[in-house]
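Data first, discussion second: the structure below is written as structure tokens.
Please read all numbers here as calculations on a predicted model, not as lab measurements.
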Amino acid sequence: MRAAAKYGALTTLGSLVLSALVATPADGAAPSLAARERQGVGLAASRAASAKITFKACPKVEMLPASVTCGTVKVPLDYADPGGRTISLTVSHVLASGKAEQRQGALVFNPGGPGASGMYFPMAAKSPEWKKIAVAYDLVGYAPRGVGRSAPLSCENPAEYVKAPTRSPRHPSPAYKGERIAEAKAYAQGCAENAGPALRHYTSLNNARDLDVLRAALGEKKLTFVGSSYGTYFGALYASLFPAHVRRMVFDSAVNPDPEQIWYRSNLDQSAAFERRWADFRTWVAKHDKTYHLGATAEAVDESYEKVRAAITREPAGGKVGPGQLQAAMLGAGYYDDYWAMRASALSAFLKGDPKPLIAQAAPRSEGAGEAENGNAVYTAVECNDAPWPTDWRVWDRDNTELAEQAPFETWDNVWMNLPCAFWPAPQQQPADPGTYPGELPPTLILAAERDAATPYEGALELQRRLAGSVLITERDAGTHGIAGGSNACVNTYLDDYLLTGRTPVRRAECAPHAEPNPVSLDERSAGPRLPPIV
């Protein structure tokens with residue numbers, strides 16, 4: 001439901017005029033926090049529009065090609081105090097390849113997280129799937145607040161974060177739970193000690209506000225945006241805060257935006273969904289038993305997997321890959337079926353006496369420790385700040401013990417990742433409702449894979465219910481997370497048509513699933529092209 005509000009759809013100039021009125025209420029009362037934050041966004045956007053972004057060669061640390069240029073945009077740390085401390089967000093950029101008359105402006109991308117950087121996105125201009133879009137749009141990526149070089153957040157020593165091997169019991173003992181509770185308390189305290197008073201300002205609402213300042217700095221009157229995964233959530237918040245600033249928005253693999261779901265219940269639903277996706281992987285492996293020899297049924301594949309778990313519990317592979325590292329690697333197969341052949345091959349080789357493929361895919365990499373720890377710190381801060389979490393361990397224990405009986409694959413590892421929120425030292429907000437916004441929204445596009453585990457399909461249905469005029473494109477019977485610009489030509493046709501012309505189906509449309517992965521053994525792969533990077 002949309003709520004009318006006099007401070008809703010405003011130009012930057014209108015925001016400044018209204019801010020002056022808000023700052024001095026007729027009754028003499030102090031302006032509310034929300035009013036001061038609205039004023040802060042208007043002021044920051046106005047400054048950014050005047051300053052613009054100076055794009056030049058990217059620093060080597062970004063590891064971007066010369067075709068991509070980089071710059072920064074300043075945003076307030078606290079939008080209620082726009083004259084106070086500012087932080088700089090790093091931005092990457094490649095110009096549209098088409099003629100001047102074909103250009104439609106800047107397309108901003110966020111890959112999700114929270115805690116992921118989109119600095120790499122302009123490289124998509126070279127991808128066949130994004131070629132048509134790159135003709136019409138400057139492709140813009142950026143690192144959100146806290147991420148990468150954008151006022152980076154850290155909660156612990158990176159070497160400690162990637163320590164290995166670690167355990168990952170499906171049914172943890174009381175003693176193990178006690179260890180993890182102590183670790184969660186220490187981690188939350190580390191975030192507070194490292195960030196200080198700034199910790200409370202890493203939120204989804206501030207990510208949405210930052211996006212409007214970035215829009216202004218790019219010289220765009222209205223925003224064209226593609227958000228994936230978590231990017232759909234603060235993208236939806238953006239639409240609710242700045243509906244008149246929306247040109248076109250794509251929500252790819254949507255987080256359920258129901259305030260009751262953010263974030264504790266979202267993680268329960270995610271754990272249940274990963275169990276289904278883990279079954280999809282095992283069913284596919286069983287279908288190709290002649291290649292992998294891990295079992296001709298999903299149950300037999302699971303038995304083979306448990307043999308690997310048991311073996312590396314007794315003796316970690318390469319001294320670095322224990323059950324925790326194995327679990328993390330296999331979770332990747334729950335996100336992307338492009339990983340299925342690689343993971344199945346590694347399990348098969350291990351049971352034949354060759355641990356090297358598993359070590360290569362699952363061992364933590366010291367050179368990536370800083371980036372990994374930073375991403376996790378931002379993830380934790382944003383999700384903990386965004387909403388209240390249960391503070392009584394007995395609630396977590398009850399809910400997840402019950403869930404793990406039916407969904408043991410990811411349930412407890414998901415708990416340990418989020419448990420610092422039970423002991424969070426910063427104030428926690430009440431989640432905003434992206435279905436409450438002033439003014440009208442133009443049509444927006446939602447893309448969703450029906451069997452996505454990271455953002456279960458119910459989230460896409462809920463987002464469509466809350467965003468008037470939104471259109472949902474469903475990839476049926478598929479589960480890869482993030483489908484925009486992927487391997488499904490049908491999905492990409494809808495994406496191209498929307499971004500290039502604004503056209504959408506009336507309400508909903510469906511695409512057949514993309515092709516299943518090609519089963520390839522490690523022996524066959526060794527003669528082929530280089531493996532893609534493991535994440």
| request: Give the C-alpha distance, both sets of side-chain angles, the deciding distance and a yes or no for side chain to side chain donor-acceptor pair (under 3.5 Å) between Thr474 and Tyr457. | output: CA-CA 9 Å; Thr474 300; Tyr457 185 64; 2.6 Å; yes
Side-chain heavy-atom pair Leu241, Asp212 within 4.5 angstrom cut-off:
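Contact flag for Leu241/Asp212 side chains = no.
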Worksheet item: Is any side-chain heavy atom of Met330 less than 4.5 Å from a side-chain heavy atom of Leu347?
Response: yes
Inset, instruction - Kindly determine whether His481 and Arg277 satisfy side chain to side chain contact (heavy atoms under 4.5 Å, CB included), including the steps that lead there. - result: CA-CA 11 Å; His481 181 61; Arg277 194 63 180 148; over 6 Å; no
- Query: With the threshold set at 4.0 Å, does a side-chain nitrogen-carboxylate oxygen contact exist between Arg170 and Glu306?
  - Reply: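 Salt bridge present between Arg170 and Glu306.
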Assess whether a salt bridge exists between Asp397 and Arg394, defined as any Lys/Arg side-chain N lying under 4.0 Å from an Asp/Glu carboxylate O. no
Do [X] and [Y] pair up side chain to side chain, a donor and an acceptor below 3.5 Å, judged on atom types alone?
X: Asp210; Y: Tyr142; result: no
X: Asp386; Y: Ser204; result: yes
X: Tyr305; Y: Arg309; result: no
X: Asn206; Y: Tyr79; result: no
X: Asn256; Y: Ser266; result: no

Between [X] and [Y], is there a donor-acceptor pair closer than 3.5 Å when you use the side chain of the first and the backbone of the second?
X: Asn374; Y: Leu153; result: yes
X: Ser240; Y: Leu237; result: yes
X: Trp416; Y: Trp412; result: yes
X: Gln327; Y: Phe409; result: yes
X: Asn385; Y: Thr203; result: no
X: Ser92; Y: Met119; result: yes
X: Ser253; Y: Gly482; result: yes
X: Gln361; Y: Ala329; result: no
X: Asp289; Y: Leu294; result: yes

[atom1] of [X] to [atom2] of [Y]: how many Å apart, nearest 0.5 Å?
X: Asn400; Y: Leu268; atom1: CG; atom2: CG; value: 5.5 Å
X: Asn157; Y: Lys163; atom1: CG; atom2: NZ; value: 11.0 Å
X: Arg476; Y: Ile473; atom1: CZ; atom2: CD1; value: 11.0 Å
X: Tyr379; Y: Met417; atom1: OH; atom2: CE; value: 4.5 Å
X: Tyr161; Y: Tyr187; atom1: OH; atom2: OH; value: 6.5 Å

Notebook entry, point to check: What is the minimum heavy-atom distance between Ala407 and Ala272, and which atoms define it?
Noted result: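 Taking Ala407 first and Ala272 second, the nearest heavy atoms are CB-CA, 4.1 Å.
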| Going by the angle between their ring planes, with limits at 30° and 60°, are Phe225 and Phe234 parallel, tilted or perpendicular? | tilted
Can you classify the ring geometry of Phe242 versus Tyr238 as parallel (below 30°), tilted (30 to 60°) or perpendicular (above 60°)?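 Taking Tyr238 first and then Phe242, their aromatic rings sit tilted (interplane angle of 30° to 60°).
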Using a 6.0 Å cut-off, check whether atom CD of Glu367 has over 12 heavy atoms from anything other than its own residue.
yes
- Query: Got more than 12 heavy atoms from elsewhere within 6.0 Å of CD, Gln428?
  - Reply: yes
Below 6.0 angstrom between ring centroids: does that apply to [X] and [Y]?
X: Trp284; Y: Tyr292; result: yes
X: Trp263; Y: Tyr233; result: yes
X: Tyr335; Y: Phe274; result: yes

Checking Thr480 against Asp337 for the side chain to side chain donor-acceptor pair (under 3.5 Å) test, could you report, in this order, the C-alpha distance in whole Å, the side-chain angles of both residues, the deciding distance, and whether it holds? CA-CA 6 Å; Thr480 282; Asp337 56 23; 3.0 Å; yes
